[in-house]
Colleague: 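Here's a structure for you.
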Amino acid sequence: MHILFVCNGNVCRSVIAERLTRSIAVEYRLTGITAESAGTRALVGFPVEPRAAEAITGLGGDPGGFRARKLRPEHIDRADLVLTMTENIRDEVGETAAGSNSRTFTLLEAYRIARVTGARTVADLHRHRHNLSRVGRENIADPVGLSAKAYCEVGDRIADALVPLLVALAPAATPGDQHWGRPPLVVRPNAATPRLSPLVAAQHTGWYA
């Protein structure tokens, strides 16, 4: 399953989700999952925003070697699942590539549907999309211009939805029990893991066992 994450600038939210997905795939041995990201109004060629990079590192991911790019129809066409950060971006994706609506969701929308209905495929997510009433707006706000703490909070919110969603959509490759809510371990630190900044470490105290 190839997943495309979409936000506006492609230097914060969508790249956090992309790099976290790669980390989760390694941790949970989800060998069939790949990920990329793009932005509807991308800062083309820019690296990850520094505070977003810190959040990625704190979550066990690698922010290196990234350059932002503008969303194009071919990115959508090759994705099995498109996860956006807001409802407006979700709707914009649908306008960019015809026929993509059935596999395009906000991240929080897909997480909710899977958690409530037990959906295990993209087709299941779409089938149950309109059978549930939404609880509030399912958007993840852009942290650009905010504090490092805000970036950590956005990273946590993405992780809280993304980890169990990926596990649910790839059960055959997943060891252990299903968890709704963050699993007790995402990445176990070792000598190769970069030291967390004091702020990021404070945000994630108790994560690691």
Side-chain angles (χ1 to χ4, degrees), residues 1-28 30 33-71 75 79 81-90 93 104-111 138-167 169 181-183 185-187 189 193-197 199-204 207-208:
M1 181 172 64
H2 183 62
I3 304 173
L4 173 67
F5 295 99
V6 186
C7 68
N8 294 126
N10 192 211
V11 292
C12 296
R13 294 166 293 174
S14 59
V15 66
I16 290 173
E18 173 198 318
R19 295 308 171 95
L20 182 56
T21 294
R22 296 182 183 185
S23 178
I24 295 166
V26 172
E27 177 67 21
Y28 287 92
L30 308 179
I33 290 182
T34 57
E36 61 180 332
S37 62
T40 57
R41 292 181 289 281
L43 300 171
V44 176
F46 276 57
V48 183
E49 202 281 339
R51 288 176 173 174
E54 186 177 57
I56 291 169
T57 301
L59 289 164
D62 179 6
F66 179 84
R67 290 292 181 270
R69 60 185 188 166
K70 182 173 175 56
L71 179 68
H75 301 150
L81 174 63
V82 182
L83 295 174
T84 71
M85 296 299 122
T86 70
E87 295 167 1
N88 286 340
I89 297 172
R90 178 197 62 199
V93 167
T104 303
F105 308 82
T106 73
L107 171 59
L108 298 184
E109 176 187 26
Y111 164 74
E138 296 178 308
N139 299 323
I140 296 176
D142 193 342
V144 167
L146 301 180
S147 67
K149 182 175 183 291
Y151 279 84
C152 288
E153 291 171 349
V154 166
D156 282 347
R157 195 173 187 199
I158 290 171
D160 283 339
L162 189 56
V163 176
L165 177 63
L166 294 180
V167 170
L169 294 177
R182 181 180 295 160
L185 176 67
V186 174
V187 173
T193 303
R195 170 178 285 187
L196 303 184
S197 71
L199 177 59
V200 175
Q203 289 294 309
H204 299 284
W207 259 52
Y208 303 114

Colleague: Are the side chains of L166 and I3 in contact, using a 4.5 Å heavy-atom criterion?
Modeller: yes

Colleague: With side chain to side chain contact (heavy atoms under 4.5 Å, CB included) as the test, would you mind laying out the steps for D160 and Y111 before giving the verdict?
Modeller: CA-CA 9 Å; D160 283 339; Y111 164 74; over 6 Å; no

Colleague: How far apart are the closest heavy atoms of P63 and R19, and which atoms are they?
Modeller: C-NH1, 3.6 Å

Colleague: Please name the residue in the list H75, R22, H2 that meets the side-chain hydrogen bond (donor to acceptor under 3.5 Å, both in side chains) test with E36.
Modeller: H2

Colleague: Could you tell me whether a side-chain N or O of S23 sits under 3.5 Å from a main-chain N or O of G60, the two making a donor and an acceptor?
Modeller: yes

Colleague: Which atom pair, heavy atoms only, marks the closest approach of I16 to A55?
Modeller: CD1-CB, 4.5 Å

Colleague: Within a strict 4.5 Å, meaning less than it, do heavy atoms of the F105 and V82 side chains meet?
Modeller: no

Colleague: Counting only N and O atoms by type, is there a donor-acceptor contact under 3.5 Å from the side chain of R69 to the main-chain atoms of S37?
Modeller: yes

Colleague: Would R157 and E153 pass as an ion pair if we require N to O under 4.0 Å?
Modeller: no

Colleague: Backbone N or O of E87 within a donor-acceptor pair of the E138 side chain at under 3.5 Å?
Modeller: no

Colleague: Report the distance from atom CG of N8 to atom CD1 of I89, rounding to the nearest 0.5 Å.
Modeller: 4.0 Å

Colleague: Can you give me the closest heavy-atom contact between A53 and V48, atom names plus distance?
Modeller: N-CG1, 3.5 Å

Colleague: Determine yes or no for a side-chain-to-main-chain donor-acceptor pair under 3.5 angstrom, with R51 supplying the side chain and C12 the backbone.
Modeller: no

Colleague: If I take atom OG1 from residue T34 and atom CG from residue L4, how far apart are they, to the nearest 0.5 angstrom?
Modeller: 10.5 Å

Colleague: Counting distance only, does the side-chain N/O of N10 pair as donor-acceptor with the main-chain N or O of K70 below 3.5 Å?
Modeller: no

Colleague: Quick one: does V154's side chain get under 4.5 Å of I158's, heavy atoms only?
Modeller: yes

Colleague: In Å, rounded to the nearest 0.5 Å, how long is the span from CZ of F5 to CZ of R13?
Modeller: 13.5 Å

Colleague: To the closest 0.5 Å, what do you measure between CG (L169) and CG (L30)?
Modeller: 10.0 Å

Colleague: Under a 4.5 Å cut-off applied to non-hydrogen side-chain atoms, are D156 and L59 in contact?
Modeller: yes

Colleague: List in chain and number order the residues that pass salt bridge (Lys or Arg N to Asp or Glu O under 4.0 Å) with E49, two or more places apart in sequence or in another chain; answer none if no residue qualifies.
Modeller: none

Colleague: Once you round to the nearest 0.5 Å, how far does CG of L165 lie from CD of E109?
Modeller: 11.0 Å

Colleague: CG of L108 to CG of L162: how many Å apart, nearest 0.5 Å?
Modeller: 10.5 Å

Colleague: Please lay out, stage by stage, how V144 and Y151 fare under the test side chain to side chain contact (heavy atoms under 4.5 Å, CB included).
Modeller: CA-CA 8 Å; V144 167; Y151 279 84; 4.1 Å; yes

Colleague: Looking at I56 and D62, what are the two nearest heavy atoms and their distance?
Modeller: CG2-N, 3.7 Å

Colleague: Taking all heavy atoms of V11 and all of P47, pick out the closest pair and write down the distance.
Modeller: CG1-O, 3.5 Å

